[in-house]
Amino acid sequence: HVAMPSLNKVTADNPSSVSRAILKTIASHCPHAVLMDKLDGASIQLYYKDGKLKSIITRGNGQYGKLIFHFAPYLPNVPKHIQTSEPVLVIRAEVVLRRKDFLENWSGAYDSSRAVASGLLNRRDVHKALEDLRVVALRVLQPALSVSAGLDYLDELGFETVPRRVLNLTNESEETFTGNHIVTGK
């Protein structure tokens with residue numbers, strides 16, 4: 001189990017809300033960054049040992065989460081076995097419900113797709129709606145890989161990964177930071 005604190009995020013509704021000074025400060029510490037879509041779901045951790053999925057844990061309070069491994073067979077895009085040379089692979093991911101599925105099946109009963117995802121993961125029993133959830137990898141927690149290299153590796157292994165773009169902050173303009181994104185070190 002690896003701790004999963006909240007992700008650092010920078011959001012902007014318009015380009016002027018992220019000042020050039022902030023970008024220069026970030027760039028002085030980390031000239032390259034990964035700009036990722038901010039997914040609104042429930043964070044989980046996938047733990048693989050010798051290529052076999054061994055556990056799935058919710059984020060909980062960042063230190064302690066809930067074991068939800070019994071849902072593994074019902075999460076269709078989570079590989080149960082992977083071809084990796086790493087003896088241990090720990091992945092942070094977000095469980096999301098597509099907007100289309102939310103609007104068709106849940107919008108009257110829940111306020112948001114995040115509430116549906118979280119609610120399903122906190123049940124004790126298996127609900128058929130688990131099959132509508134998507135698990136999107138955000139980063140490799142173990143072994144120590146850069147965010148960019150880790151996501152590329154997860155792509156190679158067949159995981160669904162977060163849409164992203166690697167930035168050279170010394171050359172980017174404020175226009176890069178519009179919308180709802182997470183900026184993290186490369």
Side-chain angles (χ1 to χ4, degrees), residues 1-11 26-97 113-114 117-124 126 130-131 133-169 180-186:
H1 171 68
V2 177
M4 291 195 317
S6 294
L7 293 172
N8 296 327
K9 53 189 167 240
V10 174
T11 61
I26 293 169
S28 70
H29 297 290
C30 180
H32 294 91
V34 179
L35 181 68
M36 300 185 291
D37 284 355
K38 166 72 171 83
L39 304 179
D40 195 22
S43 289
I44 63 168
Q45 185 177 106
L46 305 170
Y47 176 84
Y48 289 84
K49 183 161 176 56
D50 299 322
K52 185 175 180 185
L53 181 63
K54 292 291 190 177
S55 77
I56 304 174
I57 302 170
T58 64
R59 179 178 174 269
N61 67 5
Q63 287 293 325
Y64 303 101
K66 178 180 172 185
L67 182 64
I68 58 166
F69 187 67
H70 60 286
F71 291 145
Y74 306 97
L75 298 171
N77 72 326
V78 173
K80 309 322 179 246
H81 298 277
I82 54 175
Q83 295 293 322
T84 179
S85 59
E86 298 294 338
V88 172
L89 182 65
V90 182
I91 301 164
R92 181 171 185 161
E94 194 80 2
V95 179
V96 297
L97 179 67
S113 59
R114 178 183 186 176
S118 182
L120 289 169
L121 295 180
N122 283 306
R123 294 175 65 108
R124 290 180 186 212
V126 174
L130 284 167
E131 295 177 357
L133 298 178
R134 305 300 301 164
V135 177
V136 182
L138 299 177
R139 70 179 306 161
V140 172
L141 299 173
Q142 195 176 345
L145 297 173
S146 71
V147 173
S148 182
L151 287 168
D152 290 345
Y153 183 59
L154 294 174
D155 282 334
E156 291 171 18
L157 292 174
F159 286 88
E160 182 174 343
T161 58
V162 64
R164 65 201 178 273
R165 184 172 143 209
V166 177
L167 304 175
N168 178 344
L169 292 178
N180 196 12
H181 301 286
I182 298 170
V183 178
T184 185
K186 186 175 178 189

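Computed from a prediction, not measured in an experiment: that's the story for all the values here.
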Could you give the distance from NZ (K54) to NZ (K49), rounded to the nearest 0.5 Å? 8.0 Å
Shortest non-hydrogen contact from H70 to R124? NE2-O, 3.6 Å
Are the side chains of L157 and P79 in contact, using a 4.5 Å heavy-atom criterion? no
When rounded to the nearest 0.5 Å, the distance separating OG1 of T84 from CG of L154 is 9.5 Å
Main-chain N/O of I44 paired with T58 side-chain donor or acceptor, under 3.5 Å: no
Checking N122 now: which residues fulfil side chain to side chain donor-acceptor pair (under 3.5 Å) with it, not counting sequence neighbours? S118
Hits for ring-ring contact (aromatic ring centres under 6.0 Å, His included) against Y48, two or more places apart or cross-chain, chain-then-number order -> F159
Test log, rule side chain to side chain contact (heavy atoms under 4.5 Å, CB included), inputs D40 and V96: CA-CA 7 Å; D40 195 22; V96 297; over 6 Å; no
Are any of the side-chain heavy atoms of V90 and L46 separated by less than 4.5 Å? no
Tell me if a side-chain donor or acceptor on N77 pairs with a main-chain N or O of V135 at a distance below 3.5 Å. yes
Please determine whether side chain to side chain contact (heavy atoms under 4.5 Å, CB included) holds for the pair L133 and Y74, giving the CA-CA distance in whole Å, both sets of side-chain angles, and the decisive distance to 0.1 Å. CA-CA 9 Å; L133 298 178; Y74 306 97; over 6 Å; no
Interatomic distance, CD1@I68 vs CD1@I56, rounded to 0.5 Å, equals 5.5 Å
Rounding to 0.5 Å, atoms CZ (R139) and OG1 (T161) come to a distance of 14.0 Å
Grab the two heavy atoms, one from L67 and one from S55, that are nearest each other, plus how far apart they are. CD1-CB, 4.0 Å
Between A93 and A137, the two heavy atoms sitting closest are CB-CA, 3.9 Å
Drop me the distance from R59's CZ to Q45's CD, to the nearest 0.5 angstrom. 11.5 Å
Under 3.5 Å, is there a donor-acceptor pair between the side chain of R164 and the main chain of V162? yes
Would you find a donor on one side and an acceptor on the other, under 3.5 Å apart, between the side chain of K80 and the backbone of A72? yes
Could you pull out the closest heavy-atom pair between F71 and L121, with the gap in Å? CE1-O, 3.5 Å
Is there a side-chain contact between L151 and L145 in this structure, where contact means two heavy atoms from C-beta onward sitting under 4.5 Å apart? no
Check whether E94 reaches the backbone of G41 with its side chain - one donor and one acceptor, N or O, closer than 3.5 Å. yes
Minimum side-chain heavy-atom gap V88-P143 below 4.5 Å: no
Distance in Å, Y47 OH paired with I57 CD1, rounded so as to fall on 0.5 Å steps: 9.5 Å
